[in-house]
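The block underneath contains the structure these notes are about, expressed in structure tokens.
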Amino acid sequence: MGSAGRCVILLGAPGSGKGTQAERLSAALGVPAISTGDMLRRAVSQGTDLGQRVDGVMSAGRLVDDELMAEVVAGRLAEPDATGGFLLDGYPRTAVQAATLDGLLEADHRKIDAVVYLEVPEETLVRRSLARGRKDDTESVVRERQRVYREQTEPLVGLYESRGLLRRIDGSQPVEQVTRAVLDQLEGG
Ligand code: AMP
């Protein structure tokens with residue numbers, strides 16, 4: 001199969017560079033980058049019903065509940081630009097979300113092709129997140145998001161590894177090298 005049909009997940013802690021790599025890989029592979037964080041931030045800034053429901057949870061560095069996220073992702077994956085493949089940035093983040101995604105793809109006779117795991121040491125993550133200066137990025141919120149990641153999301157590494165889908169990438173390399181390493185891994189199968 002060519003790269004156009006690819007369903008790829010980007011996994012990694014907050015600050016690991018998922019968003020940056022999602023944009024770059026999207027351009028290189030010709031599939032949309034779907035960032036649930038960006039979608040939710042947009043909803044908050046537009047003051048939509050969804051935005052009002054998630055604002056407080058996001059500001060605290062916690063996770064939006066799985067059911068609400070299922071609606072958001074199901075809607076987005078059903079859009080025409082996602083039918084030829086996509087890169088998911090920021091979803092799934094819990095075991096329940098991973099199961100939801102499997103169900104959504106299965107219903108469409110699709111499957112996950114690869115899970116790219118960007119590995120970055122914790123102190124680098126915190127430094128990067130603070131340097132980025134997003135309005136929700138005070139030090140205590142940054143630390144809370146790391147804690148939530150370790151507790152809820154990191155277990156997905158083992159899950160996808162056991163399914164033979166995990167591709168480990170050294171995310172502490174310069175941006176261009178990370179992109180190249182990911183593309184090499186994806187091309188290698
Ligand atoms: P991100 O930009 O991916 O770090 O996402 C920013 C915030 O949006 C997170 O800290 C969560 O509050 C929320 N969020 C994004 N994606 C998810 C998800 N898959 N599940 C739950 N909450 C999410």
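Just follow the structure's listing: the first ligand is 1, and inside any ligand the first atom is 1. Because the structure is a prediction, the values reported are computed rather than measured.
Residue contact annotation: Arg41 has a non-hydrogen atom under 4.0 Å from ligand 1.
Linking Ile, Leu, Val, Met, Phe, Trp and Tyr whenever their side-chain heavy atoms come within less than 4.5 Å puts Phe86 and Leu40 in one cluster.
In this model, a donor atom of one side chain and an acceptor atom of the other lie less than 3.5 Å apart for Arg24 and Thr179.
Between Arg41 and Asp55 there is no salt bridge, since no side-chain N of the basic residue sits under 4.0 Å from a carboxylate O of the acidic one. Under the 4.0 Å criterion applied to side-chain N and carboxylate O atoms, Glu67 and Arg53 are not assigned as salt-bridge partners. In this structure, Arg127 does not pair ionically with Glu123, as no charged nitrogen and carboxylate oxygen lie closer than 4.0 Å.
On a distance-only criterion, Thr36 and ligand 1 share at least one N/O pair closer than 3.5 Å. Taking only nitrogen or oxygen atoms, main chain and side chain alike, Asp89 does not reach within less than 3.5 Å of ligand 1. Polar contact with ligand 1: absent for Val57 (N/O pair, distance under 3.5 Å).
The CD atom of Gln21 sits 9.0 Å away from atom OG of Ser16, with the distance rounded to the nearest 0.5 Å.
Of the heavy atoms in Met69, only side-chain atoms (C-beta onward) come closer than 4.0 Å to ligand 1. Both the backbone and the side chain of Val64 come within contact range of ligand 1, each with a heavy atom under 4.0 Å.
Tested against Val73 for a side chain to side chain contact (heavy atoms under 4.5 Å, CB included), the candidates Thr36, Ile34, Leu68 yield a single pass: Thr36.
Close contacts between ligand 1 and Gln97 involve ligand atoms 18 (C), 19 (N), 20 (N), 21 (C) [criterion: under 4.0 Å to a heavy atom]. Near Arg145, the atoms of ligand 1 lying under 4.0 angstrom from a non-hydrogen atom of the residue are 4 (O), 10 (O).
Evaluated by nearest non-hydrogen atom to atom 11 (C) of ligand 1, the leading choice among Arg62, Gln152, Arg93 is Arg62.
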